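Single-structure report; data block below.
Worth saying up front: this structure is predicted, and the values here are computed from it rather than measured.
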Amino acid sequence: MIPLNEQAYKHLQKLILENQLSYHEIYSETKLSKEIGISRTPFRDAIHRLAQEGYIDIIPNKGFMLHQLTKQDVNETFQVRSALESYCTIQICKDFECRKARRLFKELHIIMDDMKEIMDTTHSIDEFCEYDFQFHTKIITYLENEQFSSIFSTFMYRMKALARLSLSHNGRMENTYNEHMAILNALESGDSEHIYEITIAHMERPKGINLEDL
């Protein structure tokens, strides 16, 4: 049995991701909770979780609105990503000869093959984005640090929203693929000297695009 607050969270998340809610409307907690048949307490829990993850903004005594991304969101999101991923890639470089790392590299190569196929055929931003974040999630989860995974998950909505915006720019998909390959090549060779620089460069380029777009 799925808890009521989780049901409410999934329902609202689905509405947001499928663009069924408007950025220009304030939504009533009471009205929406009645529509889906869930009491206000678990519904409010879902609302606060969605706000924490950057989907919505709570309007006191009124309800909530969809969150419009700001330059502060862009900077904070990429700062968190840069801190987490650069640390993880450095640690993976130190392990590059061990069995666990070699297994990771095989998984990353499979993801890269899928990304290349999309890049060379459909050029679907949504599909490419999913493999993009599979690549980054594998790097984060390699350390088996639950706090890292939790923080990364919390920022996932904003990260994907920003990635889709940057990938809509001409040539960004190809550049993303090449930057991923540079990261993977450095990891496989245990290039601890350059992996930080390579990882940070992969963060800074889309951040610049996102900031220009806002």
Side-chain angles (χ1 to χ4, degrees), residues 1-81 84 111 114-115 118 122-138 140-141 145-169 172-173 176 206-207 209-211 213-214:
M1 184 67 179
I2 301 174
L4 291 176
N5 57 352
E6 185 68 19
Q7 290 182 41
Y9 173 84
K10 291 294 184 184
H11 178 79
L12 289 171
Q13 184 190 51
K14 185 172 185 289
L15 292 178
I16 295 169
L17 294 177
E18 293 180 353
N19 297 315
Q20 295 186 39
L21 300 182
S22 169
Y23 279 93
H24 306 292
E25 186 172 343
I26 297 177
Y27 292 93
S28 164
E29 293 181 21
T30 303
K31 183 179 178 181
L32 282 174
S33 63
K34 286 181 179 179
E35 285 180 3
I36 63 177
I38 293 177
S39 60
R40 289 190 66 186
T41 298
F43 191 87
R44 189 169 294 138
D45 289 343
I47 290 294
H48 282 283
R49 180 177 169 189
L50 288 164
Q52 182 182 20
E53 294 178 4
Y55 289 85
I56 64 173
D57 293 320
I58 296 173
I59 312 298
N61 302 317
K62 291 185 178 181
F64 68 88
M65 295 183 70
L66 295 186
H67 178 74
Q68 293 272 15
L69 287 169
T70 66
K71 290 188 176 183
Q72 182 177 345
D73 292 329
V74 174
N75 283 318
E76 289 180 353
T77 299
F78 279 101
Q79 285 169 5
V80 169
R81 284 195 65 184
L84 291 177
I111 293 170
D114 290 329
M115 292 176 73
I118 292 167
T122 64
H123 227 258
S124 167
I125 290 175
D126 285 340
E127 291 181 22
F128 188 89
C129 190
E130 287 304 314
Y131 287 116
D132 179 2
F133 279 92
Q134 283 184 29
F135 183 94
H136 290 285
T137 301
K138 290 283 186 184
I140 294 293
T141 57
N145 183 315
E146 292 184 5
Q147 295 302 316
F148 279 14
S149 296
S150 176
I151 294 169
F152 195 75
S153 177
T154 298
F155 277 82
M156 186 61 74
Y157 172 68
R158 289 185 184 181
M159 290 189 294
K160 285 188 175 181
L162 292 170
R164 290 188 181 96
L165 289 173
S166 64
L167 287 168
S168 67
H169 284 250
R172 182 58 204 157
M173 188 175 289
T176 297
K207 183 180 82 170
I209 294 172
N210 290 143
L211 288 172
D213 283 345
L214 292 179

Q: Flag the pair Thr137 / Met156 as yes when at least one side-chain heavy-atom distance between them is below 4.5 Å, and no otherwise.
A: yes
Q: Mind checking the NE2-CD1 spacing from His123 to Ile118? Nearest 0.5 Å is all I need.
A: 10.5 Å
Q) Lys10 versus Gln13: any side-chain heavy-atom pair under 4.5 Å? A) yes
**Q.** Pair Glu6-Arg49, side-chain contact (heavy atoms from CB on, under 4.5 Å): steps then yes or no
**A.** CA-CA 10 Å; Glu6 185 68 19; Arg49 180 177 169 189; 2.7 Å; yes
Q. Is there a donor-acceptor contact under 3.5 Å from the side chain of Asp45 to the main chain of Pro42?
A. no
(Q) Counting neighbours of CD on Gln20 that are heavy atoms of other residues, nucleotides or ligands and sit closer than 6.0 Å, is the number greater than 12? (A) yes
Q.
Counting C-beta onward and ignoring hydrogens, is there a side-chain heavy-atom pair between Asn75 and Leu211 closer than 4.5 Å?
A. yes
Q: For residues Met159 and His136, determine if any side-chain heavy atom of one lies less than 4.5 Å from a side-chain heavy atom of the other.
A: no
Q) Can you tell which of Leu162, Thr176, Ile209 makes a side chain to side chain contact (heavy atoms under 4.5 Å, CB included) with Leu167? A) Thr176
Q: Taking Gln52 for its side chain and Thr154 for its backbone only, find out whether a donor-acceptor pair lies under 3.5 Å.
A: no
Q.
Are there over 12 heavy-atom neighbours, none belonging to Lys138, within less than 6.0 Å of that residue's NZ?
A. no
Q. Do Lys160 and Glu130 have side chains that get closer than 4.5 Å, going by heavy atoms?
A. yes
Q: Would you indicate whether Glu35, at its atom CD, is surrounded by more than 12 heavy atoms from other residues, nucleotides or ligands within a distance under 6.0 Å?
A: yes
Q | Pairwise distance CD(Glu127) to CG(Asp114) - rounded to 0.5 angstrom | A | 10.0 Å
Q: Salt-bridge test for Arg158 and Glu53: reply yes if a basic N is under 4.0 Å from a carboxylate O, no otherwise.
A: no
(Q) Just verifying a value: how many Å separate Ile26 CD1 and Ile56 CD1, rounded to the nearest 0.5 Å? (A) 12.5 Å
Q. Roughly how far apart are Tyr9 OH and Tyr55 OH, rounded to 0.5 Å?
A. 4.5 Å
Q | Residue from Lys62, Lys34, Arg44 passing salt bridge (charged side-chain N to carboxylate O under 4.0 Å, His left out) with Glu29 | A | Arg44
Q | Point-to-point distance, once rounded to the nearest 0.5 Å, from CD1 of Ile151 to CZ of Arg81 | A | 14.0 Å
Q: Report the C-alpha separation of Leu4 and Thr41 in whole Å, then their side-chain angles, then the decisive distance to 0.1 Å, and conclude whether the side-chain contact (heavy atoms from CB on, under 4.5 Å) test is met.
A: CA-CA 9 Å; Leu4 291 176; Thr41 298; over 6 Å; no
Q.
Within a 6.0 Å radius of atom CD on Glu18, are there more than 12 heavy atoms belonging to other residues, nucleotides or ligands?
A. yes
Q. Would a distance-only check, ignoring hydrogens and angles, find a side-chain to backbone donor-acceptor pair under 3.5 Å from Thr77 to Val74?
A. no
Q: Indicate yes or no: at least one non-hydrogen side-chain atom of Lys207 is less than 4.5 angstrom from one of Gln79.
A: no
Q.
Any non-hydrogen side-chain atom of Ile38 less than 4.5 Å from a side-chain atom of His11?
A. no
Q.
Applying side-chain contact (heavy atoms from CB on, under 4.5 Å) to Leu17 and Tyr157, what does each step give before you reach the verdict?
A. CA-CA 9 Å; Leu17 294 177; Tyr157 172 68; 3.9 Å; yes
Q. For the ring-ring contact (aromatic ring centres under 6.0 Å, His included) test, which of Tyr23, Tyr27, Phe43 pairs with Phe64?
A. Tyr27
